[in-house]
There are 2 protein chains.
Amino acid sequence: MGVQTIDRAVAILHWLGNSGEQGMRLVELQRALGLKRPTVHRILSSLMEHGLVSNDSRTHLYRLGWEAAVLGWSSVPVGFDLRETAQGAMSRLAEETGATVVLCACSRRETVCIDRKAGSYPIKVFTVEVGTRRPLGVGAGSIAALAALPEEEADAVIKGLMEPLQSYPEALRRSIVPSVRLARKTGFAVSDGLVLPTVIGVGVALRDPRGVPIGTLGIASFKDSASDKRISDYAQLLLREQAKIERAFRDKMMARAKTQALAPRPAALRHAAPANR
Amino acid sequence: MGVQTIDRAVAILHWLGNSGEQGMRLVELQRALGLKRPTVHRILSSLMEHGLVSNDSRTHLYRLGWEAAVLGWSSVPVGFDLRETAQGAMSRLAEETGATVVLCACSRRETVCIDRKAGSYPIKVFTVEVGTRRPLGVGAGSIAALAALPEEEADAVIKGLMEPLQSYPEALRRSIVPSVRLARKTGFAVSDGLVLPTVIGVGVALRDPRGVPIGTLGIASFKDSASDKRISDYAQLLLREQAKIERAFRDKMMARAKTQALAPRPAALRHAAPANR
DNA sequence: CCTGATCGTCCATTATGCGGACTGTTGCTG
DNA sequence: CAGCAACAGTCCGCATAATGGACGATCAGG
């Protein structure tokens, strides 16, 4: 089905994204992928030639490169940038709660952290870095995203999730089904110390105009005597911002639909050429 | 050197980015790449499986997919998002001039449009869409980027540029060297009807804290009796915003350097795994 | 209903990518 | 500072995985 080399290259890109600014060494990647060193090295070299991967020649650490960012920017139609659209929400939430706000994008059966904002509260909760990938089901926002799927689809996804969740505690795995059920009713999800013992998280899903979850918005704070009380406050704030963001997407889409009306279908050849060799 | 399949996959991604929302048909890609149809189709299928490419099943048009955006977001350390950082500048410029503002990212020997904002002026200049790739040398910002390179490097790049610029008018090619020289003195560049006859553009380079050009900011408007006079006004505004953006990057980098101080080097294996089969 | 365009799939061939084995480099340790 | 261990990078013969010619399917227009 897939093309072996591309599958491997994409896997490498995912791992490097997940490693964030820290980066990864060649052997780490080798072990992670279960491939031989020369193979990984060759693919990395190729990706580096294209700028998708960069390599700190001092430390030999590999990271995602500038071209990965460029590819992303050039793929997002003006106004549909999730990170940008959620900017205001993130600032307001960090300001109002003082806690840590996390924005993730849904990526197949995972979520990827794409932005993070720390509030003023002196003890920061930094459970995830930008780039971190985690299977759906891990974290409050993630649960909310599952709850936003059509019930059958969610069940199917959850079934397939048990394997990647192997490395997480069983308590987390067992909590998914009931948590999702609850989130379907309330519209938000809570993760009470399941991912990290002392951390409590509240999250909502962000849906595109068709209702498909494309991201999550969450607030993380330390568990203490007052945290139970805070949960509902956080949830209210999150639901408010969720509405704003989703409306922004709807509006953008409407505006777009108007200017396009009925676009020409067959489309003759374009000429201006990307100069890749 | 490179891995054939990866080279081809990246070339496809570049072409699809360049085609923007319009998308491309299979045969167009086939012709563009000079490959056989089954080959292109197989690579496309693989990229689709990974979500990097999407396919409108009604029109059979291929476009960049959601995962391309996700990859981009997850690759950009918080605060170093060019598109986001330039947001304010784009709005102010569009507001103040009423003209069309264009933001590009430098990508090897090309520039890629990554954002666009139309001012209030009733006749819009839409020469480029988000995603459009053009060789360096085409457009005012592009010239400014060349001028921001060390002189020797710029000369080398310009030399290698003549081939991809084949499809552009000779007047444009001949204007590059003198335009770059001028831009080196003034700090901005002007493209007077060279890309499109009736359009005049002014642009500046955006440099990272090391001085390397990573993007361009430009203003495009129609040529008329007053346009000569407007050029210097536009240039002043652009230089102002250039300073702001570059300072923002410098500040972000400083802040980052502080929190990191001396990061641990060897870095043990991380466990949390991206679940790509 | 035919013609001419495109999209998608099959499968034999072979060029392409794979990985075992070697060399070079870095940094720890006694 | 010699000696070792762990890692980065390169070479090249072999076989596997990608290639592309050929075929069938689909759709639009005349």
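Just so you know, these numbers use all the heavy atoms, side chains as well, and skip hydrogens, waters and symmetry mates. A, B, ... follow the sequence lines: proteins, then strands. Residue 1 opens every chain.
- Atom-to-atom, CG of B:Leu44 to C1' of C:dT6 comes out at 14 Å; the value is rounded to the nearest Å.
- Dashed line: the shortest gap from a side-chain N or O of B:Arg42 to OP1 or OP2 of C:dC7 is not under 4.0 Å.
- Of the two residues near DNA chain C, B:Leu26 and A:Ile43, the one whose nearest nucleotide lies more 5' is B:Leu26.
- Here the straight-line distance linking atom CD1 of B:Ile12 with atom CG of B:Leu44 works out to 4.5 Å at 0.5 Å rounding.
- Formation of a donor-acceptor pair under 3.5 Å by the B:Trp66 side chain with backbone atoms of A:Cys106 is found in this model.
- Looking at heavy atoms from C-beta onward, A:Val138 lies out of side-chain contact with A:Arg133 at the 4.5 angstrom threshold.
- Side-chain atoms of B:Thr39 and B:Arg8, non-hydrogen and from C-beta on, do get closer than 4.5 Å to each other.
- Relative to the axis of its first five pairs, the axis of the last five pairs of the helix from C:dG8-D:dC23 to C:dG30-D:dC1 sits at 40°, rounded to 10 degrees.
- Position along DNA chain C of the nearest nucleotide to B:Arg8 versus B:His41 favours B:His41 as the more 5'-ward residue.
- Between B:Tyr62 and C:dT6 there is no side-chain polar atom (N or O) within less than 4.0 angstrom of OP1 or OP2.
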Extract from the structure each pairing of a protein N or O with an N or O of nucleotides 12-15 of chain C at less than 3.5 Å, listing the distance.
none

Encode nucleotides 20-25 of chain C as B, S and - characters from 5' to 3', where the letter depends on protein heavy atoms closer than 4.0 Å: B to the base, S only to sugar-phosphate, - to neither. BB----

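- A 4.5 Å side-chain heavy-atom check between B:Val128 and B:Arg134 finds at least one atom pair inside the cut-off.
- In this structure, A:Ile43 and B:Ile6 have side chains that are in contact, with non-hydrogen atoms separated by less than 4.5 Å.
- Between the C1' atom of C:dC7 and the CZ atom of B:Arg25 lies a distance of 10 Å, rounded to the nearest Å.
- Between the C1' atom of C:dG17 and the CG atom of B:Asp7 lies a distance of 12 Å, rounded to the nearest Å.
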Could you go step by step and tell me if A:Asp81 and B:Trp73 meet the side-chain hydrogen bond (donor to acceptor under 3.5 Å, both in side chains) rule? CA-CA 9 Å; A:Asp81 187 320; B:Trp73 291 324; 3.2 Å; yes

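- The neighbour count for B:Glu152 CD, taken as heavy atoms of other residues, nucleotides or ligands under 6.0 Å away, does not exceed 12.
- Proximity of A:Thr5 to the phosphate of C:dG17: no side-chain N or O atom is located under 4.0 Å from OP1 or OP2.
- In this structure, CZ of B:Arg58 is placed 15 Å from C1' of C:dC7, rounded to the nearest angstrom.
- Contact check on A:Arg210 versus A:Asp208 returns a salt bridge, with a Lys/Arg side-chain nitrogen under 4.0 Å from an Asp/Glu carboxylate oxygen.
- Residues B:Ser54 and B:Leu64 have side chains not in contact (no heavy-atom distance under 4.5 Å, counting atoms from C-beta outward).
- The 12-atom threshold is not exceeded at CD of B:Glu163, counting heavy atoms of other residues, nucleotides or ligands nearer than 6.0 Å.
- Mapping A:Asn55 and A:Ile6 onto DNA chain D by nearest heavy atom places A:Asn55 at the nucleotide closer to the 5' end.
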